[in-house]
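Remarks on the structure that follows.
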Amino acid sequence: MSSPNAFIPFTKPTIDEATISAVADVLRSGWITSGPKVLEFEKALSDYLGGSIVRCFANGTATMKIALQVAGIGPGDEVITTPLSWVATSNVILTLGAKPVFVDIDPFTRNLDLNQVALAINSRTRAIMPVYLAGLPVDLNHLYSLAKQHQLRVIEDAAQALGSSWGGIRVGHQQGPHDLVSFSFQANKNLTTIEGGCLVLNNQTEATLAEKLRLQGVTRQGFDGMEVDVLGGKDNLTDVNAVIGLQQLKQLTHFQERRTELARHYFEVLRAKKLDEALLQLPPDDFSNSNWHMFQVVLNLNRLDTDRNQIMGELKELGIGTGVHYPVINQFKLYRDLGFKPEDTPIAQGIGRSILTLPLYPTMTNDDLERVVNSLEKVLKRHQA
Ligand SMILES: *Cc1c(COP(=O)(O)O)cnc(C)c1O
């Protein structure tokens with residue numbers, strides 16, 4: 001099917017004809033913004049997550065911001081999080097006037113090191129905000145017990161982790177009693193609505209507050225049938241996006257199965273070439289918990305005579321797209337100006353410089369994958385120091 005020289009992107013959404021006609025139906029229906037399709041999507045997500053309370057938002061960033069607002073996070077509060085994430089994670093903390101506290105990561109999982117989290121907790125700490133990089137959760141039992149012990153909220157940035165699980169239970173299904181779980185449906189995620197997100201809440205009061213916060217704080221009650229009692233924004237999902245999500249959700253298990261097969265194949269091929277012994281570090285081969293949102297290797301830069309940029313450029317010339325997820329957040333100017341330093345989280349800093357996302361998406365073929373690995377081998381060997 002795919003031509004031998006076609007460009008292989010690092011990710012690609014899978015949109016079928018049924019999705020396109022479902023979108024056309026909504027566009028023709030006379031109701032195109034938030035309406036019945038959003039309610040149907042929230043119900044379908046709730047079913048997928050074992051009956052949890054779910055509300056949808058315009059994107060993952062808005063979802064996380066509202067999660068923090070629901071948890072009452074504001075000025076003077078500290079939120080412990082990881083520097084190895086998309087900058088949205090800590091931007092929302094700053095947006096609410098709170099302070100992100102960056103804790104270093106575990107070099108193997110590339111997620112927050114929970115032992116270091118425990119050491120960073122103080123009287124101003126209000127919440128822990130872990131990120132499930134590439135779809136691999138942190139140890140959720142450890143996380144919830146830590147939060148319980150210190151009476152902290154947990155706001156899970158599960159943007160990449162829809163379909164992932166821990167101990168056989170889906171992320172967003174069995175959360176701790178003070179937990180909020182945020183997912184993103186941005187174009188690159190395992191399930192996309194183009195842009196969108198959803199929040200799992202643990203009680204009806206907080207769900208009602210989240211509904212108000214996503215639409216100007218308005219509730220349908222009181223004097224003249226409308227009341228505003230909190231400051232909300234404009235963060236609602238549209239029916240056009242929701243109907244894409246409904247179609248994607250039907251295919252999600254199938255998408256994840258294919259991602260998992262491809263991840264297994266990556267391990268086989270990369271190990272057969274022994275690239276993992278000298279030139280790169282493989283991701284954790286956790287096939288019971290990860291949804292394989294990404295397949296990320298860490299380059300052994302001290303065994304190479306060049307940097308990641310050069311490697312990515314040469315791969316691109318061979319028709320292979322790769323990505324960087326992510327440079328550490330505490331090295332960005334905005335954060336350095338606020339006094340954060342990448343050297344404070346040295347493990348994350350090193351991995352942020354050398355992590356590389358290889359192509360992985362449901363319609364990728366085994367031949368595509370082998371082309372990726374052969375090209376990677378060629379480029380790395382060219383630069384072996
Ligand atoms: C995608 C993503 C987000 C933000 O989601 P948007 O829908 O793009 O706003 C946040 N955190 C992580 C880790 C992500 O991957």
Side-chain angles (χ1 to χ4, degrees), residues 10-13 38 41 45 54-69 73 79-96 100 102-103 105 109-112 127-138 143 154-164 171-172 180-200 210 213-214 233-238 240-242 244-245 248 259 283 290-296 323-330 332 335 345 348 351-352 355-357 360-361:
F10 82 84
T11 185
K12 189 153 110 183
V38 171
F41 187 38
L45 287 164
V54 179
R55 293 294 179 272
C56 286
F57 303 89
N59 52 65
T61 307
T63 305
M64 294 192 296
K65 183 196 69 185
I66 288 175
L68 289 166
Q69 286 177 300
I73 308 292
V79 179
I80 296 175
T81 191
T82 167
L84 193 73
S85 181
W86 175 228
V87 67
T89 311
S90 56
N91 276 356
V92 292
I93 300 170
L94 289 179
T95 299
L96 293 178
F102 295 110
V103 161
I105 60 171
T109 65
R110 304 152 187 184
N111 280 327
L112 262 184
I128 307 172
M129 200 166 179
V131 175
Y132 306 151
L133 190 70
L136 181 70
V138 297
L143 174 71
V154 175
I155 294 140
E156 299 177 43
D157 180 354
Q160 304 181 359
L162 188 67
S164 302
V171 171
L180 295 156
V181 188
S182 174
F183 295 99
S184 165
F185 307 135
Q186 183 265 346
N188 293 344
K189 303 302 199 279
N190 288 21
L191 178 153
T192 185
T193 60
I194 305 177
E195 300 289 350
C198 79
L199 184 63
V200 176
L213 290 169
R214 80 179 160 188
K234 184 70 165 73
D235 295 316
N236 55 308
L237 189 75
T238 79
V240 174
N241 299 103
I244 297 172
Q248 291 263 302
R259 285 177 176 278
S290 180
N291 67 356
W292 295 103
H293 172 58
M294 295 190 282
F295 192 92
Q296 298 182 288
V324 174
H325 305 92
Y326 298 93
V328 284
I329 296 169
N330 47 8
F332 295 136
Y335 285 83
T345 53
I351 291 182
I355 198 163
L356 185 69
T357 305
L360 181 66
Y361 48 89

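Counting convention: from 1, in listed order, for ligands and their atoms alike. Keep in mind the model is a prediction, meaning the values are calculated, not measured.
Using modelled atom types, one finds no donor on one side chain facing an acceptor on the other under 3.5 Å when comparing Ser184 with Asn59. Residues Ser182 and Asp157 have side chains that never bring a donor and an acceptor to within less than 3.5 angstrom of each other. In summary, the side chains of Tyr335 and Ser90 do present a donor paired with an acceptor at a separation below 3.5 Å, with no hydrogens or angles considered.
Ring geometry, Phe185 versus Phe41: the interplanar angle falls from 30° to 60°, so the pair is classed tilted.
For ligand 1, the 4.0 Å heavy-atom shell contains residues Asn59, Gly60, Thr61, Met64, Ser85, Trp86, Thr89, Val131, Asp157, Ala159, Gln160, Ser184, Gln186, Lys189, Gly196, Tyr326.
Each of Asn190, Thr11, Thr357 was scored for a side chain to side chain donor-acceptor pair (under 3.5 Å) with His293, with one residue passing: Asn190.
Aromatic ring centres of Tyr361 and Phe295: separated by at least 6.0 Å.
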